[in-house]
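Just so you know, these numbers come straight off a predicted model, no measurement behind them. Atom set for the values below is all heavy atoms of this structure, side chains included, hydrogens, waters and symmetry mates excluded. For the single chain, residues carry numbers from 1 onward in sequence order.
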Amino acid sequence: GQFHCNEYDDLRSRWLKQTIESFIPDPLINLIMVSKLDGRQIGDVKPELYDKVLVDAPCSNDRSWLFSSDIQQATLRLIRRKELSSLQFQLLRSAIKALRPGGSLVYSTCTLSKAENSDVINLILNSCSNVMPVDISEMAKAVSQEFTFLSGTQQHELLVLPEKGRAWGPMYVAKLKKM
């Protein structure tokens, strides 16, 4: 198969390429393509091309708040936070267009924000009749010794909570399938 990575941001795209070159053996590196397309247009440029899509969406990155005392940065994040759910919704709509029927999509963020997590997924489910949620609750059980999850989420979503002394969280994941 082939693996297509897309990162619109220049700095993050360079970092992605360096990471791939560092960890992927030479025989497999030719199977990986890295592009810098606007993710909101991928579905129009490459309709129904992919079997699986991961949308690791830009988000308000709540973990960085845990380690920052910069007031200006915090103010800027609050302003940007209001715009993110619209961008996330557009990225998901595009990803669904790029997904083949029968294909699966995983949406992830690193925020605790309901507006950027469940609300975006629910908006997609309510506006796209060809998309269904996929139960991932068994996956949570398999890793419950390592992660603490927010209770009360729907079966197609998980929210890993940050913990003191641990290097992860928050991390939101939802899985959908295109019919």
Side-chain angles (χ1 to χ4, degrees), residues 1-24 28-63 84-113 115-125 127-128 130-140 142-143 146-147 149 153-160 167-179:
Q2 297 218 334
F3 194 73
H4 178 185
C5 303
N6 186 68
E7 176 54 62
Y8 187 66
D9 181 79
D10 284 330
L11 180 62
R12 291 175 59 94
S13 182
R14 284 195 303 271
W15 179 70
L16 175 61
K17 287 178 185 176
Q18 290 172 350
T19 302
I20 290 169
E21 290 168 1
S22 297
F23 291 99
I24 305 298
L28 299 177
I29 202 120
N30 294 329
L31 300 176
I32 301 172
M33 177 179 80
V34 177
S35 64
K36 290 178 35 176
L37 302 169
D38 182 332
R40 295 170 291 188
Q41 269 81 55
I42 286 181
D44 292 327
V45 174
K46 299 178 181 285
E48 297 189 348
L49 182 66
Y50 300 102
D51 296 313
K52 297 179 184 199
V53 174
L54 166 63
V55 177
D56 186 17
C59 67
S60 50
N61 191 2
D62 289 329
R63 183 158 190 82
L84 284 168
S85 60
S86 174
L87 172 61
Q88 293 157 341
F89 178 77
Q90 292 171 46
L91 290 169
L92 271 174
R93 292 282 301 221
S94 179
I96 291 165
K97 286 182 185 178
L99 196 60
R100 288 184 178 138
S104 58
L105 181 146
V106 171
Y107 173 73
S108 69
T109 71
C110 54
T111 184
L112 297 166
S113 169
E116 296 177 54
N117 293 338
S118 296
D119 290 354
V120 172
I121 291 297
N122 288 334
L123 187 57
I124 284 292
L125 290 171
S127 64
C128 297
N130 63 339
V131 177
M132 301 299 294
V134 175
D135 185 349
I136 56 174
S137 57
E138 287 300 314
M139 184 176 73
V143 294
E146 285 298 318
F147 299 114
F149 296 100
T153 58
Q154 297 178 67
Q155 291 181 326
H156 61 273
E157 62 182 353
L158 301 172
L159 178 58
V160 176
W168 55 75
M171 181 175 58
Y172 175 83
V173 178
K175 188 170 183 181
L176 308 173
K177 182 174 184 163
K178 185 174 182 178
M179 306 314 283

On a heavy-atom basis, which atom in [X] and which in [Y] lie closest, and how many Å separate them?
X    : Y    : result
V160 : F147 : CG1-CD2, 3.7 Å
P58  : L91  : CD-CD1, 3.5 Å
E48  : R100 : O-CG, 3.0 Å
C59  : C110 : SG-SG, 3.0 Å
L159 : T111 : CD1-O, 3.7 Å
I29  : E21  : CD1-CA, 3.8 Å

Are any side-chain N or O atoms of [X] and backbone N or O atoms of [Y], one a donor and one an acceptor, separated by less than 3.5 Å?
X    : Y    : answer
S94  : Q90  : no
S104 : K52  : no
K178 : I96  : yes
E157 : Q154 : yes

Atom [atom1] of [X] and atom [atom2] of [Y]: how far apart are they, to the nearest 0.5 Å?
X    : Y    : atom1 : atom2 : value
Y107 : H156 : OH    : NE2   : 11.5 Å
K177 : D135 : NZ    : CG    : 13.0 Å
F89  : C128 : CZ    : SG    : 6.0 Å
D56  : N6   : CG    : CG    : 12.0 Å
L87  : L92  : CG    : CG    : 10.0 Å
S13  : Q18  : OG    : CD    : 10.0 Å

| query | Are Q88 and T109 close enough that a side-chain donor and a side-chain acceptor fall under 3.5 Å? | reply | no
| said: For T153 and S118: C-alpha separation, side-chain torsions, deciding distance, then whether side-chain contact (heavy atoms from CB on, under 4.5 Å) applies. | reply: CA-CA 8 Å; T153 58; S118 296; 5.7 Å; no
Do [X] and [Y] have side chains that get closer than 4.5 Å, going by heavy atoms?
X    : Y    : result
I20  : C5   : yes
I32  : F3   : yes
I24  : L31  : no
L125 : P133 : yes

| request: Could you check L49 against I42 for side-chain contact (heavy atoms from CB on, under 4.5 Å), going step by step and ending with a plain yes or no? | output: CA-CA 10 Å; L49 182 66; I42 286 181; over 6 Å; no
| query | Would you say M132 has more than 12 foreign heavy atoms packed within less than 6.0 Å of its CE? | reply | no
| task | Return yes when atom NZ of K175 has more than 12 non-hydrogen atoms of other residues, nucleotides or ligands closer than 6.0 Å, and no otherwise. | result | no
| field | Mutual orientation of the aromatic rings belonging to Y50 and H4 [parallel < 30°, tilted 30-60°, perpendicular > 60°] | value | tilted
